[in-house]
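Let me begin by presenting the structure, written as structure tokens, before commenting on it.
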Amino acid sequence: EAERIYRALLQWRPQEHQARYLLGNLLARHKRWDEALAEYALVPPQHRQYVEARLRMSAIYRLQQQLRRAYELLFACARLHPAHGPLFLAMGRLLYDMGLGAQAARAFERAVQLLPHDPHAHYLLGFVYTSLGRESWALMAWRRAVELAPEAHSLRYDLGSMYVRSGRYDLASLEFQRVLEQWPDDLETIFM
């Protein structure tokens with residue numbers, strides 16, 4: 001019924017791009033990927049839902065294992081909207097999945113610049129730094145993530161593990177103690 005209403009509205013007012021975006025969401029939820037992509041593609045660059053539509057199109061391409069296409073779509077969108085942090089987070093994830101760690105790190109670095117108070121962005125940057133062997137940089141990124149989200153105990157655990165790997169046992173024990181304050185029965189943390 002909702003699809004019928006959206007289509008009737010768009011037949012009457014084809015420039016109603018919010019309805020087009022919502023119809024794309026509806027179609028995507030029902031895994032009607034090609035139809036959803038067609039609706040999202042019609043959202044123009046000047047519309048406020050343009051970036052969100054491109055992010056969703058990229059997610060569909062990612063589900064279809066078309067990583068290169070998903071990335072190229074986001075890259076083109078980022079050229080039009082270079083200050084949109086979530087775009088760079090999505091680009092970083094795609095680049096990492098494509099095996100391009102250094103490029104993923106650059107995308108996450110840009111995301112952190114644009115989203116300086118987003119602990120998830122800092123965590124992802126630290127994760128990529130770890131995969132690249134830049135452990136001191138990873139520690140800085142994860143410390144910042146913990147500062148921004150002190151209740152993120154799984155992140156504290158990861159930070160503690162990183163301290164153990166770098167021989168900073170005093171700092172590791174502090175992080176593990178904080179985790180145990182919230183999760184007193186966590187066997188992995190107790191073991192560490």
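Residues take their numbers from the sequence shown, with the count starting at 1.
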Decide salt bridge (charged side-chain N to carboxylate O under 4.0 Å, His left out) for Arg178 and Glu175; before the verdict, give the C-alpha distance in whole Å, the side-chain angles of both, and the deciding distance to 0.1 Å. CA-CA 5 Å; Arg178 289 185 183 140; Glu175 296 302 332; 3.5 Å; yes
Kindly indicate whether the side chain of Phe176, heavy atoms from C-beta on, has any atom under 4.5 Å from the side chain of Ser161. yes
How many angstroms lie between CG in Asp158 and CG in Leu139, if you round to the nearest 0.5 Å? 11.5 Å
Value for CG (Asp185) from CG (Leu187), rounded to nearest 0.5 Å, stands at 7.5 Å
For Ala36 against Ile60, the heavy-atom pair lying closest together: CB-CD1, 4.0 Å
Separation of Tyr129 OH from Trp142 CH2 (nearest 0.5 Å): 13.0 Å
Look up atom CG in Leu37 and atom CZ in Arg56, then write down how far apart they are to the nearest 0.5 Å. 12.5 Å
Are any of the side-chain heavy atoms of Ile190 and Leu180 separated by less than 4.5 Å? yes
Of all residues at least two apart in sequence or in a different chain, which pass the side-chain contact (heavy atoms from CB on, under 4.5 Å) check with Ala149? Pro119, Glu151, Ala152
List the residues meeting salt bridge (Lys or Arg N to Asp or Glu O under 4.0 Å) with Arg13, not counting sequence neighbours, and say none if there are none. Glu16
Distance-minimising heavy-atom pair for Leu132 and Ala105: CD1-CB, 3.9 Å
side-chain hydrogen bond (donor to acceptor under 3.5 Å, both in side chains) against Glu147, all qualifying residues, sequence neighbours excluded: Arg144
Close side-chain approach of Asp118 and Leu89, heavy atoms under 4.5 Å: yes
List in chain and number order the residues that pass salt bridge (Lys or Arg N to Asp or Glu O under 4.0 Å) with Arg143, two or more places apart in sequence or in another chain; answer none if no residue qualifies. none
Using the salt bridge (Lys or Arg N to Asp or Glu O under 4.0 Å) criterion, which residues pair with Arg165? Sequence neighbours excluded. Glu135
All heavy atoms of Arg156 vs all of Pro150, minimum pair found to be NE-O, 3.3 Å
Partners passing side-chain contact (heavy atoms from CB on, under 4.5 Å) against Glu188 (at least two apart in sequence or in another chain): Tyr157, Asp186
Contact between Pro82 and Leu114 at the side-chain level, heavy atoms closer than 4.5 Å - yes or no? no
Residues 90-101 side chain polar contacts: donor-acceptor under 3.5 Å, at least two apart:
| from | atom 1 | to | atom 2 | distance (Å) |
| --- | --- | --- | --- | --- |
| Arg93 | NH2 | His120 | NE2 | 3.0 |
| Asp97 | OD2 | Arg62 | NE | 3.2 |
| Asp97 | OD2 | Arg62 | NH2 | 2.2 |

Is it true that, when you exclude His81 itself, more than 12 heavy atoms of the residues, nucleotides or ligands shown sit nearer than 6.0 Å to its NE2? yes
Taking every non-hydrogen atom, the tightest pair across Pro116 and Leu148: O-CD1, 3.5 Å
So, using side-chain hydrogen bond (donor to acceptor under 3.5 Å, both in side chains) as the criterion, who are the partners of Gln113 when residues are at least two apart? Arg110
Would you tabulate the side-chain donor-acceptor contacts of residues 40-49 under 3.5 Å, counting partners in other chains and residues two or more places apart, or write 'none'?
| from | atom 1 | to | atom 2 | distance (Å) |
| --- | --- | --- | --- | --- |
| Tyr40 | OH | Gly24 | O | 3.3 |
| Tyr40 | OH | Asn25 | N | 3.1 |
| Tyr40 | OH | Asn25 | OD1 | 2.5 |
| His47 | ND1 | Gln49 | N | 3.0 |
| Arg48 | NH2 | Gln18 | OE1 | 3.4 |

Side chains of Tyr50 and Cys77 in contact at under 4.5 Å (non-hydrogen atoms): yes
Please name the pair of heavy atoms, one in Gly160 and one in Ala172, separated by the smallest distance, quoted to 0.1 Å. O-CB, 3.4 Å
Looking only at heavy atoms, what is the nearest atom pair of Ala111 and Gly85, with distance? CB-O, 4.0 Å
Could you go through residues 63-74 and list every donor-acceptor pair under 3.5 Å that involves a side-chain atom there, pairing it with any protein atom two or more places apart or in another chain?
| from | atom 1 | to | atom 2 | distance (Å) |
| --- | --- | --- | --- | --- |
| Gln64 | OE1 | Gln66 | NE2 | 3.0 |
| Gln66 | OE1 | Arg69 | NH1 | 3.4 |
| Arg69 | NH2 | Tyr61 | OH | 3.3 |

Let's go through Leu174 and Tyr163 carefully: what are the C-alpha distance in whole Å and the side-chain angles of both, what is the deciding distance for side-chain contact (heavy atoms from CB on, under 4.5 Å) to 0.1 Å, and is it a yes or a no? CA-CA 10 Å; Leu174 288 173; Tyr163 281 138; over 6 Å; no
Phe127, CZ: over 12 other non-hydrogen atoms inside 6.0 angstrom: no
How far does CG of Leu27 sit from CD of Glu39, to the nearest 0.5 angstrom? 6.5 Å
Heavy-atom check, side chain of Arg79 versus side chain of Phe75, under 4.5 Å: yes
Rounded to the nearest 0.5 Å, what separation is found between the CD atom of Glu52 and the CG atom of Leu87? 8.5 Å
Partner set under side-chain contact (heavy atoms from CB on, under 4.5 Å) for His30, not counting sequence neighbours: Leu26, Arg32
Partner residues of Arg54 under the salt bridge (Lys or Arg N to Asp or Glu O under 4.0 Å) criterion, sequence neighbours left out: none
